[in-house]
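We name chains A, B, ... by the order of the sequence lines, and we start the count at 1 in each one.
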Amino acid sequence: MALNANLLAAPVAAPLLTAALILLFARWGGRTLIRHQVALTALALCLNLGIVLTLFYGAAVQGRRFVLQFGNWTAPFGITAYGDGLSATLLLMTAIVALAVYPFAVATIDYHRARMGFHPLYLFLLMGVNGAFLSGDLFNLYVFFEVLLMASFVLLTIGAQPAQTNSGIRYVVLNLLASTVFLVAAGVAYGTLGSLNMAQIAERLPLAAPAVRTVFAGLLMVAFGSKAALFPLFFWLPASYHTPPPAVTALFGGLLTKVGIYTLFRSFTLFFPELLLSWQPALLTIAGATMLVGALGALAQPGIRRVLSFHIISHVGFILMGLAVALSGNSLAIGFGLGAAILYLCHHMIIKTALIMAGGAVELYMGSDRLASIGGLVTRQPLLAFLFFMASISLAGVPPFSGFVSKLSLLQITLDTHHWVVSGVSLFASLLTMINMMRLWRESFWGDYSRPSRVPSRILQSTIRQQLMLIPVGALVLLSLGLGIFGERAFNLTMRVAQHALDRDAYIEAVSPSTLHSSGLRSGAFNVTGPKFPDSSTHLFASLGEPPWPAR
Amino acid sequence: MTSLLLAIAVGSLFATGTYMIMRRGQIKLILGLALLSHGVNLLLFGSGKLTAGRPPIFLDKKHYTETLAAFQPADPLPQALILTAIVISFGITAFVIVLVNRRHTVTATDYVHGELVPLLREGDPFDFSEPSDIDQYDWLAYEVDEVYDSDDLPLGFPPTPQSEQDESAAMEEESYRWP
């Protein structure tokens with residue numbers, strides 16, 4: 001199959017069209033129609049994985065950059081989709097997570113939720129995430145953020161139980177605030193830089209006033225940091241992740257915060273790489289605080305999913321630590337920090353999904369996830385106990401799993417760049433992770449068998465459901481093991497991806513936004529006015545002065 | 001002057017929206033979110049030129065540069081951005097209203113805060129300690145309507161009691177009939 005940039009549309013189109021098909025022809029039905037929904041959704045997820053594997057081969061392994069200008073309009077006028085190694089890696093991980101969670105969801109989502117549109121919403125969420133990874137335009141990024149947020153709102157609250165609506169309010173409001181800040185950032189970018197195309201913003205940002213750069217970076221940092229659950233902005237995550245069905249939590253834990261992390265990576269490497277140096281103390285402080293707060297908060301939590309959702313925050317701190325030293329190379333490679341962060345991100349997406357699914361299985365067998373009241377499951381579910389243990393030690397960073405390789409590389413770069421304090425904090429957070437994971441395992445699997453609550457008979461009496469719950473967990477743990485054993489190859493790959501992501505000139509050249517007076521105008525039915533530049537007299541951002549690029 | 005007025009309008013919308021979000025009632029929360037989105041829309045509007053009486057599109061292909069310099073057409077992009085943002089915020093506001101309504105129905109409270117549901121509990125409404133049957137609440141937290149097995153199960157899969165089988169079959173029958 002020829003690798004064509006048109007392939008970039010497929011990860012968005014495939015879930016969207018399948019969801020539309022479901023909503024048109026297989027909607028709100030009885031069990032037969034829900035089986036059709038399941039079949040169509042599984043088909044779309046497999047198709048998505050296939051497409052994304054092709055893209056990954058082209059972008060990450062071969063190192064190509066795919067740019068798709070929709071409708072063949074040149075860059076700042078049309079919609080741009082951009083896929084390089086970083087996007088393709090995230091897309092691949094997303095496809096794997098979505099495909100792995102789906103059997104678990106089919107096995108555990110109850111009939112009423114399925115009838116209310118769980119399966120098309122799953123696809124809409126996937127579409128939003130894929131679109132955010134591929135977007136080359138700030139406003140489209142906002143739109144895809146809203147698509148995935150809307151799908152996640154409904155997935156979180158579908159069923160409308162009291163706890164779900166309680167957490168739904170907080171989740172919705174805090175995420176909407178972050179989106180508002182992001183939209184303000186887009187408005188500031190358009191008002192001061194005259195463009196929303198990310199390549200053109202990157203081109204013009206070094207010429208802009210320092211105040212513009214700082215404000216823009218701060219707004220983006222708040223917006224994306226809130227999506228990524230960084231230290232002072234993470235409160236929506238532990239407030240909501242323990243309330244929906246376990247399959248939804250697994251999907252959210254695998255995908256949602258990663259979109260924020262990806263956009264942080266993209267904006268810091270493309271828009272303001274110099275801030276990675278000047279803001280480095282602040283970024284490292286935030287990273288350390290995020291790690292510590294996540295791990296310590298997890299220590300205080302009474303339930304499996306609450307502990308795991310605090311650990312998501314903790315690991316976001318690790319990834320941000322990698323981003324903060326992204327530009328620092330050591331004797332081994334340039335951009336070592338970013339490569340290590342990307343590897344950690346892949347490891348985190350795989351193993352966190354596996355752990356939440358395993359914890360969800362425990363919860364479904366026990367009828368509760370309160371650690372104080374459950375116990376002794378190892379006699380009934382030895383395979384689940386084994387998989388949970390393996391996933392736990394992989395999360396804590398024990399060789400030969402992927403956690404070891406990624407944590408080792410992160411530690412190596414922070415030690416090489418002499419950031420002693422944050423290295424120590426990350427080691428301490430790893431220790432706390434280990435303690436927490438062992439606590440979870442001991443409380444839920446050891447001791448006397450006690451099941452505190454009644455359990456739906458469909459969970460305990462169906463062999464196929466139990467297999468569907470355990471097989472994806474096993475597959476993800478095996479994937480983590482493979483990533484650990486072939487750690488060198490994976491690390492070389494992510495290092496290459498990181499170097500490509502850090503090369504901002506190549507990004508700008510690949511998208512090649514036309515400048516004002518060049519041949520950017522398309523001979524079509526209309527004359528298209530060029531990107532506009534604010535008239536300094538009647539303009540909201542007038543006090544910032546004349547832009548250094550030529551006025552129209 | 002116009003830009004100053006616009007800036008003041010944006011700022012006051014943001015301030016009012018933030019204040020409304022900080023308050024305790026859910027309806028005020030919705031109003032606050034709506035005001036914030038209006039503030040952002042005005043800010044996007046201000047990111048273009050504030051031109052009066054100039055059309056955004058003109059159709060003179062031959063003298064493109066000259067007419068562009070002479071007429072200074074309005075920038076059509078902020079309007080398109082605002083339109084998109086309005087549509088999105090409209091959809092989300094509708095969702096939030098439904099969510100708040102549903103929350104009011106199932107928890108009988110209008111307060112944004114409170115993990116538990118004070119008004120549904122017997123006795124002291126300000127007793128936020130965990131109820132003794134918290135496991136039941138936990139379980140209810142993510143199951144809509146299910147057939148439960150009645151007591152602790154031995155190893156393996158026990159047969160379903162006849163009554164529950166009937167109930168399950170009845171539920172399934174009913175689910176076929178619902179549209």
Residue part contacting chain B, namely of [X], when any heavy atom lies under 4.5 Å:
{"X": "A/Phe139", "result": "side chain"}
{"X": "A/Leu176", "result": "side chain"}
{"X": "A/Leu149", "result": "neither"}
{"X": "A/Val172", "result": "side chain"}
{"X": "A/Thr180", "result": "both"}
{"X": "A/Val154", "result": "both"}

Exercise. So what's closer than 4.5 Å to chain A heavy atoms on B/Leu33: side chain, backbone, both or neither?
Worked result: side chain
Problem set entry | A/Phe235 six-ring centre to A/Arg170 NZ/CZ under 6.0 Å and within 45° of normal | no
Exercise. What closest approach, in Å, do A/Pro246 and A/Glu363 show between heavy atoms, and which atom pair accounts for it?
Worked result: CG-OE1, 4.4 Å
Exercise. How about A/Pro302 and A/Leu371: do any of their side-chain heavy atoms sit closer than 4.5 Å?
Worked result: no
Exercise. Do the non-hydrogen side-chain atoms of A/Ile109 and A/Phe104 ever get within less than 4.5 Å of each other?
Worked result: no
For this session: Identify which of B/Leu81, B/Thr84, B/Ile21, B/Thr18 forms the greatest number of heavy-atom pairs closer than 4.5 Å to chain A.
Result: B/Leu81
Problem set entry | Single hit among A/Phe252, A/Phe153, A/Tyr171 for ring-ring contact (aromatic ring centres under 6.0 Å, His included) with A/Trp236 | A/Tyr171
Under 3.5 Å, side-chain donor or acceptor atoms of residues 35-46 of chain B against the rest of the protein: list the pairs with distances, not counting sequence neighbours.
| residue | atom | partner | partner atom | Å |
| --- | --- | --- | --- | --- |
| B/Ser37 | OG | B/Ala34 | O | 2.8 |
| B/Asn41 | ND2 | B/Ser37 | O | 3.3 |

